[in-house]
Each structure stands twice: as structure tokens, then as C-alpha cells.
Amino acid sequence: MPRHLAPVPEGGGPACTLARKLDGFAPLTVQDRAALVGLTGYVRSVERHAVLVEQECVAEHALIVFAGFASRFKRRLSGRRQILAYLIPGDLCDRGALHGYPLDHAIEALTDCRIAKVPRPAYVDLLGRHPRIALALQRARLAEEATAREWIANMGMRSGPERTAHLLCELLERLGSIGQVSDGQFDLPLTQGDLADTLGLSSVHVNRVLQVLRRDGLISLRGSCLRILEP
């Protein structure tokens with residue numbers, strides 16, 4: 001393990017977040033969990049706004065989020081960005097590493113992150129030796145695809161307040177599944193610009209929508225601390 005990385009304590013740490021997520025899709029064995037802890041040796045710190053994989057590039061590593069928020073996005077020549085998905089702790093960023101095909105989008109750290117950069121041979125070996133992990137990742141991908149369809153519905157048929165409320169409830173569920181929600185409250189370290197590029201709204205419109213949700217007693221927001229009062 002690199003010297004700058006602290007060992008993961010027993011019963012806690014980022015590897016447990018990953019195991020908790022995958023265990024929700026397929027029950028893991030003790031050996032499976034030990035293998036996931038072994039991935040912490042590949043973890044490195046990534047600064048906010050760092051691009052992890054450029055569009056059209058073929059990644060030589062599987063990327064797994066251990067802490068922070070990342071995103072999939074497309075950017076036009078004008079510089080305008082559309083966020084396609086949020087990647088939170090426990091999420092696998094780049095499935096292209098398994099097959100060696102170029103991505104049709106880029107992956108960026110939205111906040112300071114801790115990312116495991118697992119070489120393709122080690123990743124393939126992990127899946128081969130631990131079929132339950134492979135099954136859990138397959139089921140996680142189905143969940144991600146269902147979430148992507150909801151995002152399309154958000155853009156096509158929901159109003160600004162509905163889009164925003166739906167996204168916040170999605171994060172409530174996703175972060176809750178990995179133990180990062182307490183009494184409806186969680187950390188939302190995203191800017192209004194990030195939310196605007198996700199929801200297809202302007203930053204000004206996002207600000208107004210958040211004020212409406214507050215006024216109606218649906219959320220409270222202090223700094224980056226969000227509480228959903230009426231799910």
C-alpha cells in the first residue's frame with residue numbers, strides 16, 4: 001500500500017462502503033469482503049474538477065469511487081456541460097476497462113475524491129475469483145441503467161421543481177443504501193452550477209427551485225447539509 005494511504009480500520013472505512021453497496025445486490029462472503037478491502041491499495045486522492053477519463057479514451061484501469069462525488073458528462077465545443085450521472089462511494093466509474101472500448105463521455109471528480117484505480121488484469125482476476133462480486137456489479141449496472149431512464153424522464157416530462165425533488169430523493173435512497181444518511185439528512189457537496197448542468201436548468205432557476213422547496217417545507221439546506229423533510 002502506498003505510504004500516503006492510511007490502513008482501513010476493521011469494521012469501517014471506505015472498503016466497507018463498497019461492500020455494503022455490493023452486498024445489497026448479492027450476498028458477499030468473508031473472502032469477497034477481504035478482496036474488496038484489498039482494493040484500498042489502489043486508492044489515491046483526486047482533486048475536485050480532475051478529469052479521470054477523457055471522452056473517446058480507452059481506460060487501462062477500472063475506477064471505483066471510495067469517497068466523494070464524481071460524474072459522467074458530455075461537453076459541447078461551446079464549453080456547455082451536461083451531467084449524465086452521479087458516481088458516489090461504491091460506484092464503478094469505468095466499465096470500459098473490462099472490454100477495452102473507448103468511452104462516449106468523460107468522467108470528472110465533482111468534489112475532492114478518493115478513487116481506486118485498479119489495473120485491468122487485477123480487475124479481471126477479481127471478477128474471475130469472486131463470482132458474487134461479479135454478479136453484484138452486474139445487478140448494480142441494471143440499477144444504474146434504470147436510474148438513467150429516470151433522468152431521461154426528468155428532462156422530458158417533469159417541471160423544474162419536480163426534477164429537483166426527484167433527484168434529491170434519488171440521492172436520499174442511494175446514499176442511504178451505503179449508510180450516509182441520518183434522519184433524512186445527508187451531505188450534498190454540489191454547486192448550483194452542478195445541479196443546473198444535471199437538471200437542464202440555469203443556475204438562477206435552480207436557486208429559485210430550491211427556495212420553493214424550502215418555502216413549501218419539503219427540504220432544509222444549510223451549507224452542504226441537506227435534509228428532506230417530506231419525502
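Fair warning: this is a prediction, and the values are worked out from it, not measured in the lab.
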Reported [atom1]-to-[atom2] distance for the pair [X] and [Y], which is rounded to 0.5 angstrom:
X      : Y      : atom1 : atom2 : answer
Leu226 : Leu171 : CG    : CG    : 8.5 Å
Asn154 : Thr198 : CG    : OG1   : 10.0 Å
Glu144 : Arg174 : CD    : CZ    : 7.0 Å

Sequence neighbours excluded, every pair satisfying side chain to side chain donor-acceptor pair (under 3.5 Å) that has a member inside residues 208-221: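 Residue pairs passing side chain to side chain donor-acceptor pair (under 3.5 Å), neighbours aside: none found.
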Under 3.5 Å, side chain of [X] to main-chain N/O of [Y], donor-acceptor pair present?
X      : Y      : result
Asp112 : Glu47  : no
Lys117 : Glu60  : no
Asp194 : Thr191 : yes
Arg158 : Arg163 : no
Ser182 : Gln185 : no
Thr164 : Pro161 : no

Leu167/Leu195 under side-chain contact (heavy atoms from CB on, under 4.5 Å): CA gap, chis, key distance, verdict: CA-CA 9 Å; Leu167 178 66; Leu195 293 174; 3.9 Å; yes
Give the minimum heavy-atom separation between [X] and [Y], together with the two atoms involved.
X      : Y      : value
Gly160 : Leu201 : CA-CD1, 4.1 Å
Arg139 : Phe25  : NH1-O, 2.7 Å
Val53  : Leu63  : CG2-CD1, 3.4 Å
Glu230 : Gly217 : CG-O, 3.7 Å
Phe73  : Glu108 : CE2-CB, 3.4 Å
Phe186 : Leu175 : CD1-CD1, 3.5 Å

Full working for side-chain contact (heavy atoms from CB on, under 4.5 Å) between Lys74 and Asp104: CA-CA 8 Å; Lys74 283 183 176 286; Asp104 61 359; 4.2 Å; yes
Any side-chain donor near an acceptor of the partner, Tyr86 and Thr147, under 3.5 Å: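 Tyr86 vs Thr147: no donor-acceptor pair found between side chains.
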Test side-chain contact (heavy atoms from CB on, under 4.5 Å) applied to Val118 and His61, step by step: CA-CA 5 Å; Val118 185; His61 301 78; 5.7 Å; no
Joint cluster assignment, Ile83 & Leu199, ILVMFWY side-chain distance < 4.5 Å: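 As far as the 4.5 Å side-chain criterion goes, Leu199 and Ile83 are connected within one cluster.
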Joint cluster assignment, Leu218 & Val206, ILVMFWY side-chain distance < 4.5 Å: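 Leu218 and Val206: one cluster.
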Min side-chain heavy-atom separation Ile88-Phe69 under 4.5 Å: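 Of all side-chain heavy-atom pairs linking Phe69 with Ile88, at least one is under 4.5 Å.
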side-chain hydrogen bond (donor to acceptor under 3.5 Å, both in side chains) involving Ser224 - partner list, sequence neighbours excluded: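 With sequence neighbours excluded, Ser224 shows a side-chain hydrogen bond (donor to acceptor under 3.5 Å, both in side chains) to Asp187, given in chain and number order.
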More than 12 heavy atoms of other groups within 6.0 Å of Glu145 CD: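 Enclosed: over 12 neighbouring heavy atoms sit under 6.0 Å from CD of Glu145.
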SB check Arg132 Asp23 (cutoff 4.0 Å):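 Between Asp23 and Arg132 there is no salt bridge, as every charged N stays at least 4.0 Å from the carboxylate O atoms.
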side-chain contact (heavy atoms from CB on, under 4.5 Å) evaluation trace for Phe66 with Leu39: CA-CA 10 Å; Phe66 275 67; Leu39 295 180; 4.1 Å; yes
